[in-house]
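The shown structure was predicted, so the numbers you read here are calculated from the model rather than taken from an experiment. Atoms considered below: every heavy atom in the structure, side chains included; atoms not considered: hydrogens, waters and symmetry mates.
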Amino acid sequence: SRLYSCAKCSTVLTNRANLLSTRFTGSTGRAFLFKKVVNLVMSEKQDRVMLTGRHIVRDVSCKKCKSRVGWMYEYATEEQQRYKEGKVILERALISEINGIDEI
């Protein structure tokens with residue numbers, strides 16, 4: 001399975017099984033939506049107006065090196081955007097993709 005890790009220190013953050021979408025855009029360009037990500041620290045809640053409406057989000061950073069890697073959706077004000085709540089965006093430019101070990 002493919003693994004996604006911090007581009008700066010290589011700490012593993014998630015894997016392909018948790019990937020929900022590759023059709024997002026972050027401040028650095030292309031971004032991916034994941035249902036579960038580990039080894040993160042989160043900022044305080046922030047109110048942001050994004051392309052898809054107003055959201056309450058937290059920036060997420062690598063637990064080891066503290067580099068920002070994306071954000072987590074806490075709350076979406078628009079009903080059709082609520083599927084993002086609790087999910088994490090990792091920005092493609094801030095992560096690395098490597099081959100992991102296949103499960104038997």
Side-chain angles (χ1 to χ4, degrees):
S1 158
R2 302 288 285 169
L3 298 176
Y4 297 90
S5 58
C6 173
K8 187 171 182 183
C9 74
S10 300
T11 296
V12 173
L13 303 172
T14 190
N15 62 32
R16 172 141 356 230
N18 287 302
L19 179 62
L20 295 173
S21 176
T22 59
R23 297 175 176 263
F24 282 78
T25 302
S27 60
T28 60
R30 194 167 169 207
F32 301 160
L33 181 70
F34 291 90
K35 60 184 171 185
K36 183 178 179 187
V37 180
V38 297
N39 295 322
L40 296 178
V41 290
M42 296 182 196
S43 72
E44 294 297 313
K45 292 178 188 175
Q46 301 169 26
D47 192 343
R48 283 195 198 146
V49 177
M50 301 177 148
L51 294 173
T52 56
R54 190 169 149 255
H55 298 82
I56 305 299
V57 300
R58 294 177 187 263
D59 282 333
V60 294
S61 301
C62 173
K63 191 174 191 175
K64 183 176 179 186
C65 73
K66 308 299 186 249
S67 293
R68 193 183 72 79
V69 291
W71 69 89
M72 185 188 87
Y73 288 100
E74 281 278 331
Y75 177 75
T77 58
E78 296 182 31
E79 187 65 39
Q80 66 270 27
Q81 299 298 316
R82 294 251 164 94
Y83 73 95
K84 298 175 185 174
E85 292 178 354
K87 310 295 188 302
V88 175
I89 289 283
L90 296 179
E91 297 194 43
R92 184 67 191 93
L94 306 177
I95 60 173
S96 298
E97 189 174 348
I98 57 171
N99 283 322
I101 300 169
D102 290 330
E103 293 184 33
I104 298 173

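In the hydrophobic clustering of this structure, Met42 does not group with Val57; members are Ile, Leu, Val, Met, Phe, Trp, Tyr whose side-chain heavy atoms approach within less than 4.5 Å, directly or through other members. Following chains of ILVMFWY side-chain contacts shorter than 4.5 Å, one cannot reach Ile89 starting from Ile95, and the two form parts of different hydrophobic clusters. Under a hydrophobic clustering in which Ile, Leu, Val, Met, Phe, Trp and Tyr are joined whenever their side-chain heavy atoms come within less than 4.5 Å, directly or via other members, Val60 and Val37 fall into the same cluster. Both Val88 and Leu13 are part of a single hydrophobic cluster, where members link through side-chain heavy atoms under 4.5 Å apart.
Legend: residues meeting side chain to side chain donor-acceptor pair (under 3.5 Å) with Lys87, ordered by chain and number and at least two apart, are absent. Shown here are the side chain to side chain contact (heavy atoms under 4.5 Å, CB included) partners of Val41, two or more places apart in sequence or in another chain: Ser61, Lys63, Lys66. Not counting sequence neighbours, the partners of Gln80 by the side chain to side chain contact (heavy atoms under 4.5 Å, CB included) test are Glu78. Tyr75 is linked by a side chain to side chain donor-acceptor pair (under 3.5 Å) to Arg82, counting only residues two or more places apart in sequence or in another chain. Under the rule for a side chain to side chain donor-acceptor pair (under 3.5 Å), Ser67 has no partner lying at least two apart in sequence or in another chain.
Evaluation of the salt bridge (Lys or Arg N to Asp or Glu O under 4.0 Å) test over residues 39-50, restricted to residues two or more places apart or in two chains, returns Asp47-Arg54, Arg48-Asp59. Residue pairs meeting the salt bridge (Lys or Arg N to Asp or Glu O under 4.0 Å) criterion with at least one member in residues 4-25, sequence neighbours excluded, are Arg16-Glu97. Sorted by first and then second residue, the ring pair (Phe, Tyr, Trp, His ring centres under 6.0 Å) pairs involving residues 34-66 (not counting sequence neighbours) are Tyr4-Phe34, His55-Tyr73.
Between Ile56 atom CD1 and Glu85 atom CD the span is 10.0 Å, to the nearest 0.5 Å. One distance of note links CG of Asn39 with OG1 of Thr14; it measures 10.0 Å at 0.5 Å rounding. Between atom CD of residue Gln81 and atom CE of residue Met50 there is a gap of 10.5 Å, rounded to the nearest 0.5 Å.
Side chains of Leu40 and Met72 form no contact here, defined as non-hydrogen atoms less than 4.5 Å apart.
When all heavy atoms of Ala7 and Ser96 are compared, the pair lying nearest together is CA-OG, 3.5 Å.
Within the hydrophobic cluster formed by Ile, Leu, Val, Met, Phe, Trp and Tyr side chains joined at under 4.5 Å, directly or through other members, Leu3 is accompanied by Val12, Ile98.
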N/O donor-acceptor pairs under 3.5 Å from side chains in residues 24-32, not counting sequence neighbours:
unit_1 : atom_1 : unit_2 : atom_2 : d
Ser27  : OG     : Arg68  : NH2    : 3.1
Ser27  : OG     : Glu91  : OE1    : 3.4
Ser27  : OG     : Glu91  : OE2    : 3.4
Thr28  : OG1    : Glu91  : OE1    : 2.5

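Asn99 and Arg2 share a side-chain donor-acceptor pair at under 3.5 Å.
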